[in-house]
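The basis for the numbers below is simple: all heavy atoms, side chains too, and nothing from hydrogens, waters or symmetry mates. Residue numbers start from 1 in every chain, and the chains themselves are labelled A, B, ... in the order their sequence lines are given, proteins ahead of strands.
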Amino acid sequence: MKRFWADLHVHSRFARATSRNLDLEHLALGSAEKGIQLVATGDCTYPAWRQEMKERLYAEGNGLFRLKPEIERPLMATLPSGCQKEVRFIISGEISTIYKKGDKTRKVHHLVYHSSFDAADRFAEKLAKIGNIVSDGRPILGLDSRDLLEITLESGKDSWLAPAHIWTPWFSALGSKSGFDSIEECYGDLASHIFAAETGLSSDPEMNWRVSSLDRYRLISSSDAHSPAKLGREATLFSCEMGFQPLRHALETGEGYVGTVEFFPEEGKYHADGHRNCHIRLNPKETLALDGLCPVCGKPLTIGVAHRVEMLADREEAIPPATAGEVSSLIPLPEILGELLGVGSTSRKVAERYTESLRVLGSEMAILHHVPLEEMQAIHPLLEEAIRRLRAGKVIRQAGYDGEYGVIRLFEKEEMEKLTKGGLLFPVTEMVKPSRRPITKTSLPSDDNRAFQASPNLPNVDREDLARDIPNYPMLSTLDSDQKAAALITDKALMVLAGPGSGKTKMLTQRIAHLIQKKAIPAEKCLLLTFTRRATDELKARVKQLLPETESPPIIHSFHSLALDMLKKDSKAFGLAADFRIVDPQSLKKAFMEMSNLSSKRADEALERFSLLKKSGEVGDLEEEILRQSLENLKQDNHWLDFDDLLIKVVNGLENNASLREKWATAFSFLSVDEFQDIDIWQYRLVWLLTGRNTQLTVIGDPDQAIYHFRGADSECFTRLQQDFPEIVCRRLNRNYRSMADIVAAANRIMPENKGQALRGQGDKILLYLASDEADEARFVVQKIEELMGGHDMLTAQNGKNTAKSQETAFGFRDFSVLYRHNFQAKAFEKAFNQAGIPFRKTAPIPITCHLAVKAFIEKIEQSPQETLQDRLIVLKNITTELAQENQGEEAVLSPADREQAYSWLKIIAEKSGQQSHTFFLEQIALANEVDFHDQRGDRVSLMTMHASKGLEFSAVFVTGLEEENFNLHHQPDNPTEIAEEKRLFYVALTRARDYLFLSYAKKRFIYGEYQKQTTAAFLNLLKDMLVTETPKKRLFNDRKAQYSLF
DNA sequence: GTCTGAGAACTTTTT
DNA sequence: GTTCTCAGAC
């Protein structure tokens, strides 16, 4: 079988910091020049690159691809005859995963391979749900390595994955900085699907052979080329048939695998340990003897790759395992020529001689490996000797360290001088290899001194409480005294005023679990009411954790879903048509606009106004009322209900029908309402109606966090409740388990009435950033996130004790949240995050019905109602085909991507709807938001409005846009209700933070097409003395360049 | 009625 | 910068 070289790791021009001419043609050309016959496509998740591949490549039928003949033929003709060998492509890509696992932030790069465009498409489609795959050819995803492997395996039957450059400290499976101690640990239960690992430029197989856990992996070497010139600088040699399967088989079994060509690892920038500035270069043993400290400056040394090998090594000598292949080391021909000519390897002289070499001698691999030595004379008198020494491994190595490139030479300086003067060659002095002697293994620095933990410890005082408290309630065992006292009140109406981070959800869930378990209250008699679907989901999840599997869970609803459920169950009694359904706001608006001839904006205004009128019971002017009535008629004719109707119909129905009311007032014996401060009058009435003689009512909330007054929330609800339930017991939870003391202190400044009690450590000072504009503000956020995730701080030594304080906590993307007052402020952050490759999730609820394609589907679904899942799926498939036919050629309204997107959403909804009715299915579509479909495995930074952040918490929170203009919307400086609500909103925002709180405002902001001067929000003055302020730094690089170094 | 251009107003927060 | 409105011209 003929041997061939493969370069299995390259990039396209769509990856960051790559050459602009990295297209398929240049990849083929470059490979041919180097003598590479199989080259990776790279970047296979990038849509435009995949498109290019589909246009220019054809499948050979063996899982590999080749340039179409009409492209390849003229291309190859431009090459010297010795290089004219066909080049195959293998579909591949590199994925960077960044996530938190254990107590470390992990950053691992992976290589994936697919044998068809289908598999690559599926793979990309799945990753698109996890994060952003269009901002970079090598996407950064907040995804566990194991999950990435799973997605790879699901994408195609023979798709495979290998960890990339496994020893690089910052981004690899075994990296000292952010990796694991073994490949198995990295990929968890799926690790058995890994059969190959890439060694990377700064390690060679010999280093790997010291680590027995790597014995089972076949090693591959590749160039990781960012430009055509770098292709094939490392490569893997095969002797199998040319094909995807044979290649995979070779790596799995060794059959057809020959070995690798490597750089001399010493050439890498971080091979040895040391300090560049102090001119100290050490081998790992020397470093250990010095306790990792620099003998010159006393600071921790920068640890190199060789050191990490020592740490994980469990063999004293490098013993080739059974999987080992042949290994040869090389120096790129341009470097050799540079040395011989006494010029730089990128000089024109070298380039000329290089071209000449290819013409006369053949491809670079051939020259370096097997072109007969005597032919070298034609190029340079010393090339023969140079290549002889290279092939014999007799080279001079100076290891790189602390960012300084290593130097590999073939001739000593003096020797070179003599030789060029025509002197005789003399034997090369034996090069001293870097120490391979055994070194005492040291353990990794422990992370035990972390300043805090994710789950708060109870203060001592409460531990005592627990000891003497009624011991018999295991369900309540982790509650503090106040929480427990509240939880145990079950015979009277209860009102709990709970400050931020006081553990109210914990109290609530444990209480319910306790009731169900200990008091034997039937779960279906317990009702928990929330405002949002998200809160509902969270409560469900947390209750589920508390209750044993066998126990049925309590009923958990949002107000609206409860109302819908009630209307469904008793539609007749509520006076509704049996086939009523919720109309999604888009459809309603559309119908309303058609009916009324109003503009989009006016229609929005009218609908909003009607909603307020309806909720408050007020009456508008005559004209309004006429329009409103026709809207009501429109809904009636279509059997539509909007969100407001749900509650109003239920309340009116119960109030007007005694037996119906009796039924529902006895339906639940325990009724708990969360976030009570945001309740509106209809919700209040519903609660009242559901509370019968034997219903125990519990409400939980925080008046300081009331932020929905504008929407009709009734700020007097707590007072009113006390009037309606004179018996009610009121409890306060003021301990703040969530936030560091400085954050609690800031919150107390804003709301001095109800001071929270800080229980955690002091924490960092709150930082206030004075951004010059919104782009600068976004840049600040990006930079802070990177800093906290330990992105690129090359000077932080792995075992140093002086690591940045950010190293105390490991961060995943989900630990960060960026909050703003208005949705439009998200734009600057989205842009900056995309540029930096930080995955984010914007939780602005965009209904999927906003999409034309979804609307097109809905129209057709309505025409063909189905009642079973199977039929529904068939209909969806048919519609897809129909829409594809309707959208051909120039006239197409919907792109294939739009259609596929809509189809995949609707399919998921159909599957979730199961055998439910047609109207239920349509309702689910109407209510679905884009965010509902994000793959939960994806770890992302959250972007959301301050309102949306209610009830959430994050390790690090950025409260942005703190300008008066953002908070004083009607420019009425003396509207006390509004000012108070905005202040509460700010309070909600800053109390979301657990560990780090960053505030920022912009001096000017681009609004309405021009920069507008902004003024600092008034309430920031309250915090003045407790903030550390930071101002924009002068930036040395332009944006784009600066971005390249990150992650 | 329909077209055009100038000028005004504008982007809250959501089940 | 965009969208909408209104007045005035056709």
*Is it true that the side chains of A/Gln629 and A/Asn633 contain a donor and an acceptor less than 3.5 Å apart?*
yes

*Picking from B/dT12, B/dT14, B/dT15, which would you name as closest to the side chain of A/Arg821?*
B/dT12

*If only side-chain N and O atoms of A/Asn823 are considered, is one of them under 4.0 Å from the OP1 or OP2 phosphate oxygen of B/dT13?*
yes

_Using a heavy-atom cut-off of 4.0 Å across all strands, would you classify A/Phe531 as base, sugar-phosphate, or nothing?_
sugar-phosphate

*What nucleic acid atoms does A/Tyr708 come within less than 4.0 Å of, heavy atoms only: base, sugar-phosphate, or nothing?*
sugar-phosphate

*Contacts of A/Asp642 that satisfy side-chain hydrogen bond (donor to acceptor under 3.5 Å, both in side chains) - sequence neighbours left out*: A/Lys614, A/Lys635

*Nearest-neighbour nucleotide for the A/Ser558 side chain, B/dT13, B/dC10, B/dT15 considered*: B/dT15

_Rounded distance (Å) that lies between atom P of B/dT13 and atom CD of A/Glu608_ = 10 Å

*Pairwise P distance, B/dT12 and C/dT5 [rounded to whole Å]*: 15 Å

*With sequence neighbours left out, write down each residue that passes side-chain hydrogen bond (donor to acceptor under 3.5 Å, both in side chains) with A/Asn652, or none if nothing qualifies.*
none

*In whole Å, what is the span from the CG atom of A/Leu952 to the P atom of B/dT14?*
12 Å

*Ion pair A/Glu982/A/Arg821, N-O distance below 4.0 Å*: yes

*List in chain and number order the residues that pass ring-ring contact (aromatic ring centres under 6.0 Å, His included) with A/Phe780, two or more places apart in sequence or in another chain; answer none if no residue qualifies.*
A/Tyr769

_First encountered from the 5' end of DNA chain B, between A/Lys615 and A/Ile1007_ = A/Ile1007

*Contacts of A/Gln924 that satisfy side-chain hydrogen bond (donor to acceptor under 3.5 Å, both in side chains) - sequence neighbours left out*: none

_B/dT13 and C/dC4, which share atom name C1', separated by this distance in whole Å_ = 23 Å

*Going 5' to 3' along DNA chain C, which nucleotides are the first and last within contact of chain A (any atom under 4.0 Å from a heavy atom)?*
C/dG1 to C/dT5

*What residues form a side-chain hydrogen bond (donor to acceptor under 3.5 Å, both in side chains) with A/Ser611, not counting sequence neighbours?*
A/Asp644

*side-chain N/O A/Thr532 vs B/dT14 OP1/OP2, d < 4.0 Å*: no

